[in-house]
Amino acid sequence: MMRFRLSDTPLDIGTERRALDHAAAGAYASFEGWVRDHNEGRAVQRLDYQAYAALAASEGDAILDEAVARFAVREARCVHRVGSLAIGDLAVWVGVSADHRDAAFSACRWIIDEVKRRVPIWKNEHYLDGESGWLHPDNTPVDTTT
Amino acid sequence: MMRFRLSDTPLDIGTERRALDHAAAGAYASFEGWVRDHNEGRAVQRLDYQAYAALAASEGDAILDEAVARFAVREARCVHRVGSLAIGDLAVWVGVSADHRDAAFSACRWIIDEVKRRVPIWKNEHYLDGESGWLHPDNTPVDTTT
Amino acid sequence: MNFRLLYFASLADRAGRAEETRESAADTPRALYAEVASLHGFAFDRERLRVAVNGAFVGWDHALADRDEVVFLPPVSGG
Amino acid sequence: MNFRLLYFASLADRAGRAEETRESAADTPRALYAEVASLHGFAFDRERLRVAVNGAFVGWDHALADRDEVVFLPPVSGG
């Protein structure tokens with residue numbers, strides 16, 4: 001089962017979340033990452049996500065499978081956009097269903113943290129002043145010239 | 001601004017969440033409570049929520065306002081169903097937008113915990129065996145005969 | 001004084017009604033609860049309940065006024 | 001041996017290309033990175049990168065084989 005996928009078109013969460021339905025699930029926690037208009041004090045105009053697609057898919061799937069094994073959840077899914085995104089666009093969605101809310105929240109938080117830490121996806125921010133740059137995991141700029 | 005409301009009709013989250021849109025928000029966390037088919041080992045068929053509506057609205061609003069003051073969030077909303085619900089129905093929704101995910105997750109979790117603890121809403125579970133009963137906050141049955 | 005009482009959840013079941021109007025000499029929710037608990041056979045200790053007057057939470061020694069709406073709230077179970 | 005290398009993000013910018021094919025005597029990712037870092041002027045210390053061969057993460061002393069696809073991965077920033 002593929003619990004993680006990349007998408008080069010806008011995410012349709014209504015469809016994604018149906019995979020989480022379960023009569024025994026009393027709790028659903030979700031996280032969405034939206035494109036912000038600012039980062040580290042600079043005005044952001046848009047951004048591009050680039051992925052090493054084959055490895056992103058397998059690493060993302062490994063994270064979701066690990067989450068289902070580690071936490072008392074019924075199902076978990078994640079979709080990450082690639083390509084060019086505008087302010088307010090949905091960049092990543094994580095959804096988790098569980099019998100109880102503790103597990104739903106914990107697994108959801110763990111998944112987004114691991115996705116940001118491990119999945120080979122890179123964010124290139126384009127600033128209002130015309131500059132652009134690849135970012136580090138902590139959203140500070142990569143400086144490859146030093 | 002009314003950030004909390006009761007609804008006696010099915011919740012339409014697509015509409016609710018538009019109130020959370022903000023160009024500076026990079027994170028959205030949500031929680032949904034769904035009607036489970038079991039509780040404390042008993043098969044549940046459906047349930048009713050009853051509310052002291054006037055106080056539920058003001059207490060719910062106080063919780064949401066408190067969340068917006070306590071956490072670095074852009075907006076927060078909550079809707080709770082009243083009336084008769086079937087298995088899988090959406091009973092409560094909490095949505096929070098924030099610049100960063102830490103605040104979004106923390107506020108969302110705090111809101112649902114406070115709503116369950118403070119808002120005058122009561123759950124009456126109807127079991128497959130034909131019995132029914134009002135529940136305590138920890139989902140154990142109220143026994144008023146002892 | 002004349003009070004309007006609302007009952008919810010298990011208290012409504014036990015009282016057999018969702019509301020009632022009562023003449024009472026009780027001047028605090030504490031005294032009024034003792035009266036209706038005895039009348040309807042409510043089993044909850046007062047410590048497990050909260051009380052609201054005219055739509056706002058109050059303490060058990062709040063001074064009641066004529067025509068107040070008084071609600072004894074069982075432990076909640078929303079969410 | 002003949003390797004196919006893919007470059008992403010800042011490494012692609014610096015190399016001026018998204019992929020290349022190289023003849024090399026390097027028998028580990030460690031040796032191959034030293035070679036291409038010098039060639040393209042990559043500024044990342046190797047410790048800050050991860051390496052994947054044929055679509056799976058491997059260690060820096062993994063034994064390379066002819067026609068392997070080798071990718072040096074800068075710190076990721078998805079989410």
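Chain A is the first sequence line, chain B the second, and so forth, proteins listed ahead of strands; every chain is numbered from 1.
Separation of atoms CZ (A:Arg42) and OH (A:Tyr127) is listed at 5.5 Å; rounding is to 0.5 Å.
B:Arg77 and B:Met2 make their closest contact through NH1-O, 3.8 Å (heavy atoms, listed as atom of the first residue, atom of the second, distance).
Under the 3.5 Å distance criterion, the side-chain polar atoms of B:Asp61 are matched with a main-chain donor or acceptor of B:Phe4.
Chain B forms the most heavy-atom pairs under 4.5 Å with one residue out of A:Gly33, A:Ala27, A:Ala24, A:Ala29, and that residue is A:Ala24. Ranked by heavy-atom pairs shorter than 4.5 Å toward chain B, the options A:Ala91, A:Ala23, A:Gly14 are led by A:Ala23. In terms of heavy-atom pairs under 4.5 Å with chain B, the best-connected choice from A:Leu90, A:Asp102, A:Val96 is A:Asp102.
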Exercise for the section: Report the C-alpha separation of A:Phe31 and B:Phe105 in whole Å, then their side-chain angles, then the decisive distance to 0.1 Å, and conclude whether the ring pair (Phe, Tyr, Trp, His ring centres under 6.0 Å) test is met. Expected result: CA-CA 8 Å; A:Phe31 175 80; B:Phe105 273 111; 5.4 Å; yes
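In this structure, no portion of B:Asn39 lies under 4.5 Å from any heavy atom of chain A.
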